[in-house]
There are 2 protein chains.
Amino acid sequence: MTTTTIPEVVVLRLPLYVRVLAALEGRGQGVVSSQELGTLLHATPAQIRKDLSYFGRFGKQGRGYQVSNLLKELRHIMGIDREWSVVLVGVGQLGSAILTYGGFAPQGFNILAAFDADPSKHGAAIGNVLVQDIAQIKSEAQRLGVHIGIVAVPVSHCQRVVDLLVDCGIRAILNYAPYQPTTPPGVWVRDIDPVVALQSMTYHLKTAEDQW
Amino acid sequence: MTTTTIPEVVVLRLPLYVRVLAALEGRGQGVVSSQELGTLLHATPAQIRKDLSYFGRFGKQGRGYQVSNLLKELRHIMGIDREWSVVLVGVGQLGSAILTYGGFAPQGFNILAAFDADPSKHGAAIGNVLVQDIAQIKSEAQRLGVHIGIVAVPVSHCQRVVDLLVDCGIRAILNYAPYQPTTPPGVWVRDIDPVVALQSMTYHLKTAEDQW
DNA sequence: GCTTGTGAAGACCTTCACAGCA
DNA sequence: TGCTGTGAAGGTCTTCACAAGC
């Protein structure tokens, strides 16, 4: 295996691999084949093997992959064998729900601070986190050594907030606003929009209905 | 244009087209070129034109696309020029947040009922919706003519709940559990997992760091 | 002149199929 | 024998480039 650029689709699948491997490990399974992984991931065995081959040779012919070992390797490759510091911007209904959601910390994503423009929210504590003035974000982000930003503001503020996060040196942004912000090269954005997800399914529902 | 199977990637982009077109319409813009749409969508003009060409010829040479007309057409194609009936399963912290989230109804997705297995939650009203016993779901789903299910239950219950929804005749599922359920052909699932989204970015953060 | 719609070319991703090894 | 790792083949999606039309 020579180092090549990894296709982005592969990077998007890696977390799913980790997710099922962790489940297998939790269940006490020691070894898994590309065939079985394929079934669990709704993918072909060839795709599993090809994807993994971008990063190394983790399997043994005739046996398969050792679950705990492959899991450890993938966690390292993805950089999730460490903790990441996160800030949230926008402490409305959605932002508050994110702060109280317990799913981030166990995976190593620690939301250390939250920011909002509304002064009436400053000083409040929501799920262990203090809400601060957005004006403080740059100094706080640098003090805390923040890597990742979560954006939960209205569409109209999204681009401005993203620009601000980028200015703070943040290079990875999880965006809950229904808007695709523009960012400079080297900044990564993932959008979460349940409405968009629903709308891409209604196309199929409608098409199935139209079928005679 | 002859009727071809539409690539799934195109279907996934359609909602984004609608989103920016709606913004342009709200701003009072009458006409838009593939060039400008491309900028707003972070896509090439050629891709915009090719995508749209799967569905018809909506533009005028030398001018571009009439915003309100294209918007209307796309909404019809996607089946979002109508209302859809939705049920939610799992009224925990996440499920409650979904019920009180105001973003679905304005887009025509009406959450009509919610279900949970925990009897202590039955009868509660959260955001206009009554929480009912999961045992009632089939009769209620049929009575209400439900099209779409939202799953907000723990991983351990996800597959069982999805099976149940499919049994209710539901063919589109928005899944918030960190697990990819298995479904029969003709059933559409979209997964929302912010942790997976974050993890696919840490790969890049780590890789950028490793660069010397 | 400007911009669409679209075959053809090119890039990218997936699947095949088999050599190689446990 | 069973399963991986991987070049090569195949398929899909994106981009090019230009004829056609406003």
Side-chain angles (χ1 to χ4, degrees), chain A residues 1-17 20-21 24 29-71 73-74 77 180 200 203-204, chain B residues 1-17 20-21 24 29-71 73-74 77 180 200 203-204:
Chain A
M1 165 257 187
T2 326
T3 305
T4 325
T5 300
I6 314 297
E8 186 64 13
V9 269
V10 174
V11 174
L12 293 171
R13 281 193 291 264
L14 289 182
L16 305 178
Y17 288 21
V20 316
L21 286 168
L24 290 175
Q29 183 167 336
V31 170
V32 67
S33 66
S34 61
Q35 172 74 57
E36 186 179 1
L37 277 178
T39 304
L40 294 169
L41 287 156
H42 309 303
T44 64
Q47 179 163 85
I48 308 281
R49 296 200 300 275
K50 177 65 96 176
D51 281 2
L52 296 178
S53 78
Y54 283 108
F55 302 100
R57 300 145 61 101
F58 306 113
K60 290 236 194 315
Q61 285 105 324
R63 298 203 147 272
Y65 303 87
Q66 207 207 317
V67 172
S68 59
N69 176 60
L70 182 55
L71 182 54
E73 293 277 9
L74 288 184
I77 288 162
Q180 290 180 276
S200 70
Y203 170 80
H204 294 293
Chain B
M1 166 256 187
T2 327
T3 305
T4 326
T5 300
I6 313 296
E8 186 63 13
V9 269
V10 174
V11 174
L12 293 171
R13 281 194 291 264
L14 288 182
L16 305 178
Y17 289 21
V20 315
L21 286 167
L24 290 175
Q29 183 166 336
V31 169
V32 68
S33 66
S34 61
Q35 172 73 59
E36 186 179 1
L37 276 178
T39 304
L40 294 169
L41 288 156
H42 309 302
T44 64
Q47 180 164 85
I48 308 282
R49 295 201 300 277
K50 178 64 98 178
D51 281 3
L52 296 178
S53 78
Y54 283 107
F55 302 100
R57 299 145 61 101
F58 306 113
K60 291 235 195 314
Q61 285 106 326
R63 298 203 147 272
Y65 304 87
Q66 206 207 318
V67 172
S68 60
N69 175 249
L70 183 55
L71 182 54
E73 293 278 9
L74 289 184
I77 289 162
Q180 289 181 279
S200 70
Y203 170 80
H204 294 293

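A note on names: the letters A, B, ... follow the listed sequences, proteins ahead of strands, and every chain is numbered from 1.
Both A:R13 and B:V32 lie near DNA chain C, and the one whose nearest nucleotide falls closer to the 5' end is B:V32.
In this structure, A:R49 does not reach the C:dC18 phosphate: none of its side-chain N or O atoms is under 4.0 Å from OP1 or OP2. For the pair A:S33 and D:dC3, the criterion of a side-chain N or O lying under 4.0 Å from OP1 or OP2 is not met. Contact annotation: B:T44 side-chain N/O to D:dT15 OP1/OP2 distance is under 4.0 Å. Using a 4.0 Å cut-off, no side-chain N or O of B:Q61 falls inside it from OP1 or OP2 of D:dA20. At least one side-chain nitrogen or oxygen of A:S34 sits closer than 4.0 Å to the OP1 or OP2 atom of D:dT4. Within the structure, a side-chain polar atom (N or O) of B:Y65 is placed less than 4.0 Å from OP1 or OP2 of C:dG5.
In this structure, B:E8 atom CD and D:dT14 atom P are separated by 12 Å, rounded to whole Å. One interatomic measurement links the two molecules: CG of B:D51 to C1' of C:dG5, which rounds to 13 Å at whole-angstrom precision. Atom pair A:L37:CG and D:dG5:C1' shows a separation of 15 Å (rounding to whole Å applied). The distance from atom NZ of A:K60 to atom C1' of D:dG2 is 15 Å, rounded to the nearest whole Å. The OH atom of A:Y54 sits 14 Å away from the P atom of D:dG5 (whole-angstrom rounding). The distance between atom CD of B:Q47 and atom C1' of C:dG7, rounded to the nearest whole Å, is 17 Å. The separation between B:R57 atom CZ and D:dA20 atom P is 12 Å, rounded to whole Å. Rounding to whole angstrom units, CZ of residue B:F55 and P of C:dG5 are separated by 13 Å.
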task: I would like to know whether A:Y17 and A:L70 meet side chain to side chain contact (heavy atoms under 4.5 Å, CB included); could you show each step before the answer?
output: CA-CA 10 Å; A:Y17 288 21; A:L70 182 55; over 6 Å; no
message: Determine whether B:Q66 and B:E73 satisfy the following criterion, side chain to side chain contact (heavy atoms under 4.5 Å, CB included), listing intermediate values before the conclusion.
response: CA-CA 11 Å; B:Q66 206 207 318; B:E73 293 278 9; over 6 Å; no
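Remark: B:L37 CG to B:Q35 CD distance equals 10.0 Å, nearest 0.5 Å. Taking CG of A:L21 as the reference point, atom CG of A:L41 lies at 8.0 Å (rounded to 0.5 Å).
Between B:Y65 and the options B:L52, B:V31, B:L71, a side-chain contact (heavy atoms from CB on, under 4.5 Å) holds for only B:L52.
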